[in-house]
Amino acid sequence: MTAIRSVVLGCGSYLPERVLTNAELASRIDTSDDWIVQRTGIRERHIAADDEFTSHLAINAARAALAHAGLDAQAIDLIVLATSTPDNTFPATAVAVQHGLGINHGAAFDLQAVCSGFVFALATADNFLRTGAYKRALVIGAETFSRILDWNDRGTCVLFGDGAGAIVLEAQEQAGKTSDPGVLTTHLRSDGRHKAKLFVDGGPGSTKTVGHLRMEGREVFKHAVGMITDVIVDAFNATGVTAEDINWFIPHQANKRIIDASAHKLHIAPQKVVLTVDKHGNTSAASIPLALSVAVKDGRVKKGDLLLLEAMGGGFTWGSALLRW
């Protein structure tokens with residue numbers, strides 16, 4: 001019995017040149033490097049230049065992914081861009097990326113699930129590819145969260161950064177086994193009752209302003225580990241895979257304590273966890289593909305490895321994905 005699988009051909013990332021350290025933040029607001037590191041694991045983050053938009057970050061990450069895959073941009077017929085910080089209210093930032101890459105065929109659209117965006121975008125592209133609607137997709141997570149932060153709120157402004165990551169997917173016929181390359185399963189959830197715990201207090205349809213990010217940190221932390229492990233257990237049940245089978249756990253890079261607690265609850269060994277939150281901060285939808293790109297570049301992720309991805313974001317939204325490299 002054969003199956004169509006969405007196989008990863010390449011990945012890439014892009015980070016703005018400017019690095020904002022904890023020490024620099026401590027010179028502006030009432031915080032310290034020790035306080036930030038102890039509570040989050042973050043030491044620095046990248047900040048986009050004034051003339052650098054989400055689309056610019058996404059285009060650079062997409063080009064890097066295409067180069068890694070050895071493909072010309074014209075081979076792509078679907079772009080799914082996960083972002084909460086689009087260039088404009090409309091059109092979709094994905095259309096700007098499509099144009100920037102010189103593509104004028106196929107489809108391109110944005111997807112908004114905050115920090116879970118990349119997992120939601122991956123699941124969306126996977127389903128399109130498996131139906132035969134498209135052949136090759138760029139799945140991108142790109143954010144300029146620095147634009148929606150209240151830089152006087154020490155509880156949130158220390159947490160986030162800007163960046164982009166991308167993967168190239170291709171629909172391929174496989175034998176239908178868990179040993180085959182490609183996306184094995186995805187599981188998505190949301191629960192709007194928790195909106196007030198993590199949201200932006202503005203929007204074109206309400207305040208007519210962009211607004212700023214607001215978060216009840218303790219409440220988010222309290223829900224995060226349980227929700228994350230819930231969708232990972234679903235992935236294990238759907239495939240028969242266990243924590244022992246995982247080669248690399250690549251979680252959303254929000255907070256080291258959440259990542260450590262989730263890995264511990266799932267019995268995933270610490271040496272299997274990919275951590276980049278110390279260098280990138282929380283880059284929302286960009287964090288998983290950024291971390292993946294780091295682990296691929298440094299040689300940790302190898303052909304045949306089983307990767308577990310997970311994320312939780314405002315809304316709340318949360319999701320998991322299992323894929324064979």
Side-chain angles (χ1 to χ4, degrees), residues 13 15-49 84-85 114-116 141 143-163 165 194-202 210-229 249-265 268 270-271 273-288 290-291 294 310-316 318:
S13 62
L15 290 163
E17 185 177 342
R18 187 189 169 207
V19 175
L20 177 60
T21 64
N22 290 348
E24 186 177 345
L25 279 171
S27 70
R28 302 184 196 170
I29 58 174
D30 181 19
T31 190
S32 69
D33 178 66
D34 287 344
W35 188 90
I36 298 170
V37 172
Q38 182 182 358
R39 286 162 177 77
T40 69
I42 299 168
R43 297 184 182 277
E44 60 187 34
R45 70 287 292 146
H46 292 251
I47 303 295
S84 298
T85 50
V114 200
C115 298
S116 305
E143 302 283 16
T144 49
F145 255 53
S146 60
R147 307 275 159 78
I148 58 171
L149 297 178
D150 178 351
W151 288 98
N152 295 311
D153 178 6
R154 72 168 190 164
T156 58
C157 74
V158 303
L159 302 177
F160 295 90
D162 302 334
H194 301 288
K195 173 192 170 183
K197 297 178 177 67
L198 180 54
F199 71 109
V200 167
D201 59 2
V210 174
H212 291 114
L213 185 148
R214 306 298 179 192
M215 182 175 72
E216 297 176 14
R218 291 182 180 178
E219 285 296 308
V220 173
F221 190 97
K222 185 173 74 175
H223 286 83
V225 176
M227 289 177 168
I228 288 165
T229 53
F249 179 39
I250 308 179
H252 167 49
Q253 306 288 314
N255 183 304
K256 187 177 183 298
R257 291 193 298 164
I258 293 174
I259 294 169
D260 290 346
S262 301
H264 177 75
K265 187 173 181 180
I268 296 174
Q271 60 267 27
V273 181
V274 175
L275 279 171
T276 58
V277 68
D278 59 326
K279 297 291 187 182
H280 302 161
N282 182 346
T283 55
S284 189
S287 79
I288 289 176
L290 275 168
V294 168
E310 62 79 8
M312 173 188 163
F316 288 143
W318 64 104

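Quick caveat: nothing in here was measured; it's all calculated off a predicted structure.
- Salt bridge R18/E24: present, at least one basic N to carboxylate O contact under 4.0 Å.
- The two residues Q38 and R257 have their closest heavy-atom pair at O-CD, 4.1 Å.
- I47 has its side chain out of reach of T144: every pair of non-hydrogen atoms, C-beta onward, lies at least 4.5 Å apart.
- Taking all atoms of both residues into account, the shortest heavy-atom contact from A286 to G141 is CB-O, 3.4 Å.
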Intermediate values then yes/no, side-chain contact (heavy atoms from CB on, under 4.5 Å), D201 and H212 = CA-CA 6 Å; D201 59 2; H212 291 114; 3.9 Å; yes
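- H252 NE2 to I259 CD1: the interatomic distance, rounded to the nearest 0.5 Å, is 8.0 Å.
- Between V200 and V210, the closest heavy-atom pair is CG1-O, 3.3 Å.
- For the residue pair N255 / T40, no side-chain donor-acceptor distance below 3.5 Å is found, with atom types taken as modelled.
- A291 and I250 make their closest contact through CB-CG2, 3.8 Å (heavy atoms, listed as atom of the first residue, atom of the second, distance).
- Expressed to the nearest 0.5 Å, how far CG of N282 lies from CD of Q253 amounts to 9.0 Å.
- Using a 4.5 Å heavy-atom cutoff, the side chains of N152 and C157 are not in contact.
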E310 and F249: side-chain contact (heavy atoms from CB on, under 4.5 Å), yes or no, with the steps?
-> CA-CA 8 Å; E310 62 79 8; F249 179 39; 3.4 Å; yes
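- The 12-atom threshold is not exceeded at NZ of K256, counting heavy atoms of other residues, nucleotides or ligands nearer than 6.0 Å.
- With respect to the salt-bridge test (charged N to carboxylate O, under 4.0 angstrom), the residues D150 and R214 qualify.
- Here the side chains of H194 and M227 are in contact, with some heavy-atom distance below 4.5 Å.
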Start with the C-alpha distance between E216 and K222, add both sets of side-chain angles, then the distance that settles salt bridge (Lys or Arg N to Asp or Glu O under 4.0 Å), and finish with yes or no.
-> CA-CA 10 Å; E216 297 176 14; K222 185 173 74 175; over 6 Å; no
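- Within the 4.5 Å cutoff, side-chain heavy atoms of I36 are placed close to those of T31.
- Here the CD1-NZ distance, from I42 to K279, works out to 13.0 Å after rounding to the nearest 0.5 Å.
- Annotation: side chain of L25 is in contact with side chain of L20 (closest heavy-atom distance under 4.5 Å).
- Contact annotation: the side chain of D162 approaches that of F145 to within less than 4.5 Å [non-hydrogen atoms, C-beta and beyond].
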Could you walk me through whether L149 and F160 pass the side-chain contact (heavy atoms from CB on, under 4.5 Å) test, one step at a time?
-> CA-CA 8 Å; L149 297 178; F160 295 90; 3.8 Å; yes
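- The nearest pair of heavy atoms linking V220 to M215 is CG2-CG, 3.8 Å.
- With rounding to the nearest 0.5 Å, the separation of CE in M312 from CZ in F221 is 11.0 Å.
- Looking only at side-chain heavy atoms (C-beta outward), P251 and I288 stay at 4.5 Å or farther from each other.
- Separating the CH2 atom in W35 from the CG atom in N22 is a distance of 10.5 Å, to the nearest 0.5 Å.
- Looking at R45 and H280, their side chains never come closer than 4.5 Å, going by heavy atoms from C-beta outward.
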Are L213 and L198 close enough, and set up right, to give a side-chain contact (heavy atoms from CB on, under 4.5 Å), and what steps lead you there?
-> CA-CA 7 Å; L213 185 148; L198 180 54; 4.2 Å; yes
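- Atom NZ of K265 and atom OG1 of T229 lie 3.5 Å apart (nearest 0.5 Å).
- With 3.5 Å as the limit, one finds a donor-acceptor pair spanning the side chains of T85 and E143.
- Pairing each heavy atom of P16 with each of G163, the nearest pair is CD-CA, 4.1 Å.
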